[in-house]
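The structure appears below as structure tokens.
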Amino acid sequence: MNSVPEAGPCLAGFTIGITAARRAEEFGTLLTRRGATVVSAPAIRIIPLADDTELERVTEQLIADPPAITVATTGIGFRGWMEAAEGWGLAESLRDTLAATRMLARGPKAKGAIRAAELREEWSPASESSAEVLDHLLAEGVEGVRIAVQLHGATTEWEPVPDFCEVLRCAGADVVPVPVYRWEPPADRGPMDSMIDAIISGSLDCVTFTSAPAVASLLMRAKETGLLESVLHALRGRVLAACVGPITAAPLEELGVPTTMPGRARLGALARHVAEELPRRANRIYAAGHHISVRGGCVVVDGEVRQLAPAPMALMRSLARQPGRVVSREDLLSALPGGGDDTHAVETAIARLRAGLGTPKAIQTVVKRGYRLALDAADCSDAPSRPPVQPPHAAGIGTPARSARSQTIGVW
């Protein structure tokens, strides 16, 4: 693992969910060094290439009937393919087969992996764009040409690479997809279920995605548990969906979820982007002479992080949803974890909230009506508004319409 440069605690008080299966520890370190609290729940399980019988079958098929052109889309995928072939005793035969083909590399990492295997690429686009690779192939004509395409992940309806293959097929090519790094849902669904609950409750400020399969897996699990609409509602609202690039973001955007991403699809860039975006979007409330910002799992008062127990935190979220408005005891009771029908529980939680904030006057009692944050609505300065949410496409989960942004294979 490369060393990570020190960074200031600009994410202090923010809680961020990580769905990555690969390099999750490294990504978590990038965020915690900036002050964030990290919750990790891998959304996918990568099938080891050496155990992947489908990849072994395709490799044997290509050796027996070689392609004229081979497209390498990712460095790690191509290297993994060669390493797996070594374990099967097919490395030399595969290398000889590929050496006799015209090899195209989507970007510098794929090019580096090709050369590390003592092979040579014929061409690679400066843009690292799958669209440019596709245009290059179509321009020279592919009718009747056998083309092997090293996929960057699973071949599901959520991912753009199958579209790449389908366009080539429509142009008359004989396409052989090479399925490296297929994924499955995690064996233990508990952590992902907990993250789904945290998204819905608002105890996360942000959830990060570094692959389209991770998005698909989380959405599929939410659908299985009957929580899909609640998850989408939260992601369209206060929980920020941060994606490594447009390919990863595409399934969410097809469902009307606004996303944010760095200019370059890299892990470090995503961490820096989150560190810039979350403070910028954080709500800011001025109550009883104090600056208050409500985060997923805490409240920041005058720059000091105040950790609260679940009950007072739930009431703080309810009060901050419409700062200055009176919230009835009944509504606050329904917001408490576990519910109940004794409004005395609200009074107890309010007392704990006042003590936890260290600013008792920030929570004002309105006799016979309920409680409010002690400010006028005009004094509340929310974070910049998020982009307007578009209604979901009719395609829905499992059959999303294709986005025009799905033209670049994102990988880091």
Side-chain angles (χ1 to χ4, degrees), residues 22 55 58 67-81 98 101-115 119 121-143 145-183 209-216 243-254 259 261-267 269-270 400-412:
R22 188 169 64 88
L55 177 59
V58 171
I69 299 172
T70 301
V71 179
T73 60
T74 68
I76 188 169
F78 190 82
R79 283 195 302 272
W81 184 20
L98 297 179
T101 74
R102 298 170 53 207
M103 298 203 67
L104 307 184
R106 182 186 62 84
K109 291 187 177 181
K111 183 192 300 184
I114 289 172
R115 295 186 180 184
L119 298 168
E121 81 287 348
E122 174 186 284
W123 179 83
S124 180
S127 65
E128 301 183 41
S129 166
S130 60
E132 191 171 347
V133 174
L134 188 59
D135 289 343
H136 180 82
L137 289 169
L138 295 176
E140 65 180 38
V142 295
E143 185 171 358
V145 179
R146 187 169 172 81
I147 303 175
V149 179
Q150 172 246 313
L151 305 178
H152 74 290
T155 54
T156 71
E157 67 269 25
W158 295 92
E159 297 192 81
V161 177
D163 277 354
F164 180 95
C165 296
E166 189 58 30
V167 171
L168 291 176
R169 286 195 186 97
C170 290
D174 173 17
V175 180
V176 182
V178 181
V180 300
Y181 288 104
R182 292 188 299 120
W183 66 273
F209 298 97
T210 53
S211 70
V215 175
C243 300
V244 74
I247 297 306
T248 299
L252 290 170
E253 295 191 348
E254 293 292 347
T259 62
M261 68 192 73
R264 195 159 181 249
R266 297 290 185 268
L267 201 64
L270 177 60
R402 292 294 173 188
S403 170
R405 305 184 67 174
S406 300
Q407 294 183 343
T408 305
I409 301 175
V411 67
W412 40 265

### L134 side chain reached by V167 side chain, heavy atoms, under 4.5 Å
yes

### Sequence-distant partners of S124, side-chain hydrogen bond (donor to acceptor under 3.5 Å, both in side chains), two or more places apart
none

### Query
Given side chains that start at C-beta, do those of T210 and L270 come closer than 4.5 Å, heavy atoms only?
yes

### Query
So, for P179 and V58, which heavy atoms are closest and what is the spacing to 0.1 Å?
CD-CG2, 4.1 Å

### Task
Applying side chain to side chain contact (heavy atoms under 4.5 Å, CB included), name anything that partners A148, two or more places apart in sequence or on another chain.
L62, P67, T70, V178

### Message
Tell me whether R146 at atom CZ has more than 12 heavy atoms from other residues, nucleotides or ligands lying less than 6.0 Å away.
### Response
yes

### Query
Side-chain contact, heavy-atom cut-off 4.5 Å: L137 with V142?
yes

### Task
Check whether any side-chain heavy atom of R106 lies under 4.5 Å from a side-chain heavy atom of K111, and answer yes or no.
no

### Query
salt bridge (Lys or Arg N to Asp or Glu O under 4.0 Å) with E140: which residues, sequence neighbours excluded?
R102

### Nearest-0.5 Å distance that lies between atom CE in M261 and atom SG in C243
6.0 Å

### Task
Please round to the nearest 0.5 Å and tell me the distance separating atom CG of L98 and atom CD1 of I114.
8.5 Å

### Query
Has the side chain of T73 got a donor or acceptor atom that lies under 3.5 Å from a matching backbone atom of Q150?
yes

### Message
Let me confirm one number: the CZ-CG distance from F209 to L252, rounded to the nearest 0.5 Å.
### Response
5.5 Å

### Task
State the CD1-CZ distance between I147 and F164, to the nearest 0.5 angstrom.
7.5 Å

### Query
Quick one: does K109's side chain get under 4.5 Å of T74's, heavy atoms only?
no

### Query
Roughly how far, to the nearest 0.5 Å, is CG of L168 from CG of L138?
6.0 Å

### Query
Would a 4.5 Å heavy-atom cut-off, applied to side chains only, mark L104 and P125 as touching?
no

## Note on the structure
Scanning both residues in full, the closest heavy-atom pair of T259 with A249 reads OG1-CB, 3.5 Å

### Message
Please give me the minimum heavy-atom distance between A72 and F78, naming the atom from each residue.
### Response
CB-CD1, 3.9 Å

### Task
Supply the atom-to-atom distance D135 CG to S129 OG, rounded to the nearest 0.5 angstrom.
7.5 Å

